[in-house]
Amino acid sequence: MPELPEVDIVKQGLAPILTGALIERVILNRNGLRLPFAANFAQRLSGQKVIHVGRRAKYLLFTLSSSEVLLSHLGMTGNFRFAQPDPQTGEIKTGFQKHDHVIFELSGTDAPAPFLVYSDPRRFGFMELVEDIETCKFLVGLGPEPLGNALTAASLAEQLHRRKAPIKATLLDQRVIAGLGNIYVCEALHRAAIDPRTRSCDLAATPGTPGPALESLVLQIRLVLNEALQAGGSTLKDFRKVDGGGGYFQHRFFVYDREGEPCLNENCKGTITRIVQSGRSSFYCPECQNT
DNA sequence: ACTTTGACCTGTGCGC
DNA sequence: TGCGCACAGGTCAAAG
């Protein structure tokens, strides 16, 4: 599901509620998600206060009073919501749904309900408790945040100039830029008029030097992510904001999931085409994406 | 060293 | 109505 804008929207929804909250206890309804839960995962969280809620790439980072960090990746279908106990019995488990895997009972916060529920039908997400995020294997090696100052056309050119893989595949590589996924890569390439099949190295004029297309690409990546953030993210099926509402950026896609429909660029008569690159759908306009 | 494929899961939508 | 297949926002290990 969630790419950088969606994960950030979740962070924005959770941060004001969770910061300062006490985790009374944690209930696990299975042994793990994509990865097994760490030993004593629930016990280690219980009694801790949440000090800070942050994000790096597509990871949510909950800093705890022990200075450990709870790291949460939403995979394709992970989401958080607040829930009430069953009004009849007060039971925590009743009234919850099939794919509610982790339940946090909170106190010391004016949350809309006392239980924070992590649900994830496909279980591609995972949670990990890490002592030191500086050396954490999930975070080391991640590329720059696309909305931060570390990403520049020159820094991207440095990454691209020796890669022969299509630019589409390279932009999905979290070591190159951290946080992009299939939707926003397709959209950014369209806005920058770059064919997704273009060899990455062909966008770097000389080693470390961006050509004009690369300057445009960096700009358009930033623009599309910011617009999606403004719109509350993209809700296809599973993505929900913490308050249960959906984002609406999906109504502003120029290419994603628009196979066979007309290109929306003014003066372009092209038809959006779907191809498969490294096993994933790429949507693009063969007429105006010709760099 | 590089790139593509398959695997991990469940749900949904489509064609027959 | 039901069945089977293709496909889905992500990532990793394995195979080419």
Side-chain angles (χ1 to χ4, degrees), chain A residues 1-11 29-37 55-60 71-80 97-102 118-128 136-143 146 159-189 196-201 221 224-225 228-229 231-241 246-260 274-283:
Chain A
M1 137 185 53
E3 306 181 29
L4 184 152
E6 291 74 35
V7 178
D8 207 74
I9 294 295
V10 172
K11 184 205 80 172
N29 288 332
R30 53 183 311 117
N31 295 328
L33 300 166
R34 183 157 68 87
L35 303 175
F37 294 118
R55 177 192 62 75
R56 170 75 171 110
K58 299 174 191 171
Y59 292 92
L60 290 165
L71 180 146
S72 169
H73 195 291
L74 303 175
M76 297 270 261
T77 56
N79 65 85
F80 284 96
Q97 294 159 19
K98 185 177 177 185
H99 299 296
D100 293 347
H101 306 306
V102 185
Y118 177 77
S119 182
D120 188 353
R122 288 177 74 178
R123 305 204 301 274
F124 283 175
F126 64 91
M127 290 186 194
E128 192 72 73
C136 162
K137 66 171 179 174
F138 298 106
L139 303 184
V140 299
L142 285 175
Q159 288 290 315
L160 299 195
H161 84 270
R162 43 180 105 252
R163 292 177 182 249
K164 282 178 284 191
I167 185 62
K168 167 72 189 309
T170 300
L171 292 177
L172 285 174
D173 187 335
Q174 302 297 297
R175 297 169 301 182
V176 176
I177 299 179
L180 298 180
N182 205 30
I183 291 176
Y184 296 108
V185 167
C186 289
E187 294 296 320
L189 288 171
R197 298 166 299 181
T198 305
R199 293 192 311 171
S200 304
C201 51
I221 287 170
V224 74
L225 293 178
L229 280 164
S234 302
T235 297
L236 295 190
K237 43 197 310 187
D238 300 289
F239 176 68
R240 291 281 119 185
K241 296 192 283 183
Y248 50 90
F249 192 73
Q250 66 278 10
H251 302 302
R252 307 239 291 269
F253 294 160
F254 279 69
V255 290
Y256 185 81
D257 205 22
R258 293 195 62 244
E259 182 181 18
R274 186 181 85 100
I275 59 174
V276 175
Q277 296 180 284
S278 12
R280 323 265 327 258
S281 289
S282 292
F283 299 90

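So that the names make sense, note that chain A is the first sequence line, chain B the second, and so on, each numbered from 1.
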(request) Could you give the distance separating C/dT1 and B/dT10 at their P atoms, to the nearest angstrom? (result) 26 Å
(request) Would you indicate, yes or no, if B/dC9 has its OP1 or OP2 atom less than 4.0 angstrom from a side-chain nitrogen or oxygen of A/His99? (result) no
(request) Starting from the C-alpha separation in whole Å, work towards a yes-or-no answer on side chain to side chain contact (heavy atoms under 4.5 Å, CB included) for A/Cys186 and A/Phe253. (result) CA-CA 9 Å; A/Cys186 289; A/Phe253 294 160; over 6 Å; no
(request) Kindly point out which of C/dG9, C/dT11, B/dT10 is positioned nearest to the side chain of A/Met76? (result) C/dG9
(request) Would you tell me if any nitrogen or oxygen in the side chain of A/Gln174 comes within less than 4.0 Å of OP1 or OP2 on C/dG10? (result) no
(message) Of the listed nucleotides (C/dG10, C/dC12, C/dC7), which one gets closest to any side-chain atom of A/Ser281?
(response) C/dC7
(message) From CG of A/Leu236 over to P of B/dT10, roughly how many Å is that when rounded to an integer?
(response) 21 Å
(request) Take the protein atom CZ of A/Phe124 and the nucleotide atom C1' of C/dG10, then report the distance between them rounded to whole Å. (result) 8 Å
(request) Could you point out which residue of A/His101, A/Arg34, A/Met76 forms a side chain to side chain contact (heavy atoms under 4.5 Å, CB included) with A/Arg123? (result) A/His101
(message) Could you tell me how far B/dT5 sits from C/dA6 if I compare only their P atoms? Round to whole Å.
(response) 16 Å
(request) Report the residue (A/Gln277 or A/Arg162) whose heavy-atom-nearest nucleotide on DNA chain B is the more 5′ of the two. (result) A/Arg162
(message) B/dA1, OP1 or OP2 - any side-chain N/O from A/Lys164 closer than 4.0 Å?
(response) no
(message) Tell me whether the side-chain N/O atoms of A/Arg123 come closer than 4.0 Å to OP1 or OP2 in B/dC8.
(response) no
(message) For the P atoms, the ones on C/dC5 and on B/dA7, what distance do you get once it is rounded to whole angstrom?
(response) 15 Å
(message) How many whole angstroms separate atom CG of A/Asp173 from atom P of B/dT3?
(response) 9 Å
(request) Check the angle between the aromatic planes of A/Tyr184 and A/Phe249 and answer parallel, tilted or perpendicular using the 30° and 60° thresholds. (result) tilted
(request) Would you mind classifying the nucleic acid contact of A/Arg274 as base, sugar-phosphate or nothing, using non-hydrogen atoms under 4.0 angstrom? (result) sugar-phosphate
(request) Using whole Å, report how far CZ of A/Arg280 lies from C1' of C/dC7. (result) 11 Å
(request) Could you give the distance separating C/dA14 and B/dC9 at their P atoms, to the nearest angstrom? (result) 15 Å
